[in-house]
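Here the structure comes first, spelled out in structure tokens, and everything after it is commentary.
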Amino acid sequence: MGLWEAGETNMPISVALQTIQGRKIKELVPTMGLLNRLLPLENPEFPLLRYIDPYGSTIFNGPQMYPLLEELDRLAKGISSEGGRELFERLRELAIHCRDHPQTYLRFIGD
């Protein structure tokens with residue numbers, strides 16, 4: 001991995017489904033930095049997920065959900081913990097909502 005090894009952030013990454021105006025529709029706040037540990041930060045095998053900034057915001061739009069969902073599914077196959085699988089299922093639900101509803105965005109919120 002690169003500069004940001006999994007779990008090195010001070011604050012856990014959360015995820016918000018939001019409108020074009022920035023209003024949160026739903027929010028996912030994983031406990032104990034679980035998402036930080038599971039995301040493939042800076043891993044070139046995940047062209048979208050690798051760019052999530054653990055110290056800032058990373059926003060994806062509806063059309064980006066198609067490849068993002070593929071990456072989430074591929075990543076979820078390697079998760080053995082029940083908590084991790086549940087987290088990715090909830091994240092997947094937010095991504096599907098974003099894909100299917102124009103002018104919504106999926107925002108990963110770092111430190």
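Quantities reported herein were computed from a predicted structural model and do not represent experimental measurements.
Note that CG of L49 is 11.0 Å distant from CG of L38, once rounded to the nearest 0.5 Å. Distance check: L68 CG to D73 CG gives 9.5 Å after rounding to the nearest 0.5 Å. Within the model, atoms CG of L41 and CG of N36 stand 7.5 Å from one another, a figure rounded to the nearest 0.5 Å. Of the inter-residue distances, the one linking L75 atom CG with E70 atom CD reads 13.5 Å to the nearest 0.5 angstrom.
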* To do: Would you please test R107 and L17 for side chain to side chain contact (heavy atoms under 4.5 Å, CB included) and show each step?
  => CA-CA 6 Å; R107 179 179 178 198; L17 178 65; over 6 Å; no

* To do: Start with the C-alpha gap between R74 and E45, add the side-chain angles, then the distance that decides, and say whether side chain to side chain contact (heavy atoms under 4.5 Å, CB included) holds.
  => CA-CA 10 Å; R74 191 162 36 102; E45 294 179 23; 4.2 Å; yes

* Asked: Please walk me through it: do I109 and I13 pass side chain to side chain contact (heavy atoms under 4.5 Å, CB included)?
  -> CA-CA 5 Å; I109 306 159; I13 295 172; 5.9 Å; no

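By the 4.5 Å side-chain criterion applied to Ile, Leu, Val, Met, Phe, Trp and Tyr, V29 is assigned to no cluster and stands alone. Chaining together hydrophobic side chains whose heavy atoms lie under 4.5 Å apart places I59 alongside I20, Y105.
In the hydrophobic clustering of this structure, I52 groups with V15; members are Ile, Leu, Val, Met, Phe, Trp, Tyr whose side-chain heavy atoms approach within less than 4.5 Å, directly or through other members.
Residues P30 and L28 come closest through the heavy atom pair CD-O, 3.3 Å.
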Show me the donor-acceptor pairs, under 3.5 Å and distance only, between side chains in residues 78-90 and residues at least two apart or in other chains.
{"from": "S81", "atom 1": "OG", "to": "G84", "atom 2": "N", "distance (Å)": "3.0"}
{"from": "R85", "atom 1": "NH1", "to": "S80", "atom 2": "O", "distance (Å)": "2.4"}

Run the side-chain donor-acceptor check on residues 93-104: report pairs under 3.5 Å with partners two or more places apart or on a different chain.
{"from": "H101", "atom 1": "ND1", "to": "H97", "atom 2": "O", "distance (Å)": "2.9"}
{"from": "T104", "atom 1": "OG1", "to": "C98", "atom 2": "O", "distance (Å)": "3.3"}
{"from": "T104", "atom 1": "OG1", "to": "H101", "atom 2": "O", "distance (Å)": "2.6"}

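Under the ring pair (Phe, Tyr, Trp, His ring centres under 6.0 Å) criterion, F108 pairs with F60, not counting sequence neighbours. Residues meeting the side-chain contact (heavy atoms from CB on, under 4.5 Å) test with T19, sequence neighbours left out: Q21, R23, I25.
Between P12 and L34 there is no side-chain heavy-atom pair separated by less than 4.5 Å.
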